[in-house]
Q: 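What follows is a structure written as structure tokens; I'll ask about it next.
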Amino acid sequence: MKRVLFLGLILSAVGVLFARGVHEELFPLPLDRMVLRYAEVNSPQDERTIATQEFAEYIRTSTQGRIDIQVYPSGTLGDNKSVVQSLMVGAIDLCNEPPTNLYGWGVNVPYLPILSLPFLFQNREHAVKTMQGAFGKKVASDIANAGSGLVILGYFVAGPRNFFTKRPCESLEDFRSLVIRVQDGAIYTDTIEAFGGVAAHTPTTELYSALQTGVVDGAENPVKSYYNNKYFEVARYYTWSDYLIQPSAIIISEQTWRRLSVADQELFQIAAKQVTSRFQELTVARQEEQIHALEEAGVIFSSLKDREKWVLAAGKVYDKYASRWQDLIDSIKAEQQSAL
């Protein structure tokens with residue numbers, strides 16, 4: 001199975017590698033100049049894409065153009081999974097992706113899915129504190145040491161993910177049997193099923209049309225993504241649940257990382273620290289404006305009427321994942337007090 005997966009990774013990337021090789025042979029770059037490709041699935045106006053552009057500009061300016069990072073938003077270079085697998089073999093240089101998804105895509109760090117346990121983080125500050133601390137360092141170290149071909153530079157933490165639907169959804173009873181688009185991964189499916197819904201793994205690039213045509217009844221995203229991707233045009237009910245706060249990582253291909261000098265590696269780490277901090281500020285600052293604009297556009301905001309029942313239902317997911325990783329979950333929970 002592993003040999004088949006590896007062959008698939010090679011075949012999926014060979015076209016990109018061949019095109020890159022031919023271009024560099026015909027139009028060779030100066031020996032000290034690098035052009036890198038940074039994949040982002042979100043739209044150009046999304047705060048994470050803006051942070052990605054700022055990362056690229058910081059590196060370009062700091063190296064006086066010697067390292068030129070070109071950003072490809074809106075899933076131009078592929079969906080989340082194919083982009084990560086391309087990083088593994090060096091066909092793409094950088095991307096942003098939640099670490100929790102990597103385990104299902106060939107990264108042998110089995111505890112990563114716990115980062116998507118429902119109601120794991122109390123709030124955004126709790127998640128930021130956790131990922132900037134010992135746990136975040138452990139995640140980066142374990143991924144690098146797993147032979148994944150990936151290096152983590154830092155973490156973005158957006159606002160809580162909430163459900164948005166084509167009809168009102170304020171209780172578990174309302175949620176029952178709804179087809180909800182979630183990310184690709186067993187823990188997402190388990191969570192939706194624990195709440196009584198049906199999980200669908202529609203690619204991000206196809207979600208708008210899936211909502212529009214009724215293939216799915218709803219999805220879940222932070223306010224910023226709901227607004228920036230215009231999902232409100234086809235699903236106008238947004239329900240505050242704060243059920244998931246999901247860190248995503250700035251990831252660089254290990255092959256690209258090894259091409260950088262030690263000084264350039266330090267520069268990339270500085271850039272990551274600056275743009276992730278800026279991202280947190282920007283998402284908070286923009287959210288009230290986005291909520292107002294969404295209300296003006298006819299979005300109906302509501303809160304769960306029975307939140308305690310959702311937390312109780314989430315216990316089924318913890319029963320499945322917590323037995324092996326309770327110590328790590330406890331360490332994450334312990335960060336909550338210092339984040340208050």
Side-chain angles (χ1 to χ4, degrees), residues 41-43 46-48 75 79-80 96-98 100-101 104 113-121 123-124 127 156-212 214-248 283 287 290-291 294 299-307 309-311 313-314 316-317:
V41 297
N42 285 317
S43 64
D46 188 90
E47 287 79 358
R48 199 175 74 177
D79 62 18
N80 303 60
N96 303 314
E97 186 64 34
T100 190
N101 295 338
I114 70 171
L115 279 167
S116 287
L117 284 170
F119 307 110
L120 176 66
F121 295 111
N123 50 40
R124 188 201 311 255
F156 294 115
V157 178
R161 300 176 77 94
N162 299 288
F163 294 108
F164 53 92
T165 49
K166 297 173 69 68
R167 65 173 190 254
C169 181
E170 300 177 0
S171 67
L172 278 179
E173 185 61 34
D174 293 338
F175 195 82
R176 193 180 307 279
S177 299
L178 290 182
V179 179
I180 303 296
R181 183 271 173 187
V182 288
Q183 299 168 78
D184 186 15
I187 194 167
Y188 305 116
T189 300
D190 293 337
T191 299
I192 296 303
E193 291 179 351
F195 294 152
V198 178
H201 301 295
T202 308
T204 302
T205 52
E206 300 173 16
L207 177 54
Y208 185 98
S209 61
L211 288 163
Q212 187 175 42
V215 172
V216 298
D217 299 309
E220 45 79 68
N221 266 159
V223 169
K224 74 173 188 65
S225 301
Y226 177 64
Y227 175 80
N228 291 325
N229 292 304
K230 300 185 183 302
Y231 297 139
F232 61 90
E233 295 178 346
V234 286
R236 70 191 185 102
Y237 295 94
Y238 192 93
T239 307
W240 300 109
S241 65
D242 295 0
Y243 93 101
L244 178 61
I245 299 175
Q246 186 179 60
S248 59
T283 53
Q287 180 161 299
Q290 291 167 343
I291 290 172
L294 289 167
V299 170
I300 299 174
F301 288 94
S302 61
S303 297
L304 296 178
K305 295 178 178 178
D306 55 352
R307 192 174 190 274
K309 292 183 179 180
W310 293 71
V311 175
K316 299 175 186 177
V317 188

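We're numbering straight along the sequence, starting at 1. Both backbone and side-chain heavy atoms feed into the values below; hydrogens, waters and symmetry mates do not. Quantities reported herein were computed from a predicted structural model and do not represent experimental measurements.
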Q: So, using side-chain contact (heavy atoms from CB on, under 4.5 Å) as the criterion, who are the partners of Ile291 when residues are at least two apart?
A: Val223, Trp240, Gln287, Glu288, Glu295, Phe301
Q: Excluding sequence neighbours, so at least two apart, what forms side-chain hydrogen bond (donor to acceptor under 3.5 Å, both in side chains) with Arg124?
A: Thr283
Q: Nearest 0.5 angstrom please: Thr165 OG1 to Ile180 CD1, how far?
A: 6.5 Å
Q: Applying ring-ring contact (aromatic ring centres under 6.0 Å, His included) as the test, list every pair that has at least one member in residues 168-211; sequence neighbours left out.
A: Phe163-Phe175, Phe175-Trp310, Phe195-Trp310
Q: If the condition is salt bridge (charged side-chain N to carboxylate O under 4.0 Å, His left out), which residues does Glu97 pass it with, not counting sequence neighbours?
A: none
Q: Does the pair Gln290 and Asn228 meet the rule for a side-chain contact (heavy atoms from CB on, under 4.5 Å), with working shown?
A: CA-CA 9 Å; Gln290 291 167 343; Asn228 291 325; 4.1 Å; yes
Q: Mind checking salt bridge (charged side-chain N to carboxylate O under 4.0 Å, His left out) for Glu173 and listing every partner two or more places apart, or none if nothing turns up?
A: Arg176
Q: Sequence neighbours excluded, which residues qualify as ring pair (Phe, Tyr, Trp, His ring centres under 6.0 Å) partners of Phe164?
A: Tyr226, Tyr231
Q: Might you point out which heavy atoms bring Pro113 and Ile187 nearest each other, and give the distance in Å?
A: O-CD1, 3.0 Å
Q: Would you name the heavy atoms of Thr100 and Ser116 that are closest together and state the gap between them?
A: CG2-OG, 3.0 Å
Q: Assess whether side-chain contact (heavy atoms from CB on, under 4.5 Å) is satisfied between Asp79 and Thr204, documenting all intermediate values.
A: CA-CA 7 Å; Asp79 62 18; Thr204 302; over 6 Å; no
Q: Is a side-chain donor-acceptor pair under 3.5 Å present for Asn80 with Gln183?
A: no
Q: Is there a side-chain contact (heavy atoms from CB on, under 4.5 Å) between Leu211 and Thr202? Walk through the geometry before answering.
A: CA-CA 10 Å; Leu211 288 163; Thr202 308; over 6 Å; no
Q: How far does CG of Asn162 sit from CG of Leu244, to the nearest 0.5 angstrom?
A: 9.5 Å
Q: Residues in side-chain hydrogen bond (donor to acceptor under 3.5 Å, both in side chains) with Lys305, at least two apart?
A: Glu170
Q: My understanding is that only residues two or more places apart in sequence, or in another chain, count here; which of them pass side-chain hydrogen bond (donor to acceptor under 3.5 Å, both in side chains) with Asp190?
A: Lys320, Tyr321
Q: Just to verify, what does Asp174 make a salt bridge (charged side-chain N to carboxylate O under 4.0 Å, His left out) with, not counting sequence neighbours?
A: none
Q: Thr239: what forms a side-chain hydrogen bond (donor to acceptor under 3.5 Å, both in side chains) with it, not counting sequence neighbours?
A: none
Q: Please report the closest heavy-atom contact between Pro160 and Ile245, naming both atoms and the distance.
A: CA-CG1, 3.8 Å
Q: Quick one: salt bridge (Lys or Arg N to Asp or Glu O under 4.0 Å) pairs with a partner in residues 214-225, sequence neighbours left out?
A: Asp46-Lys224, Arg161-Glu220
Q: Quick one: does Asn42's side chain have a donor or acceptor within less than 3.5 Å of a partner on Ser225's backbone?
A: no
Q: Would you name the heavy atoms of Pro118 and Thr191 that are closest together and state the gap between them?
A: CD-OG1, 3.8 Å
Q: How would you list, by chain and number, every residue that makes a salt bridge (charged side-chain N to carboxylate O under 4.0 Å, His left out) with Arg181, sequence neighbours excluded?
A: none
Q: Looking only at heavy atoms, which two atoms of Pro222 and Ala158 are closest? And how far apart?
A: CG-CB, 4.2 Å
Q: For Ser241 and Phe119, work out which heavy atoms get closest and say how close.
A: O-CE2, 3.8 Å
Q: Would you compute the distance between atom CZ of Arg48 and atom OG of Ser43 and round it to the nearest 0.5 angstrom?
A: 10.5 Å
Q: Look up atom CD1 in Ile300 and atom CG in Leu294, then write down how far apart they are to the nearest 0.5 Å.
A: 12.5 Å
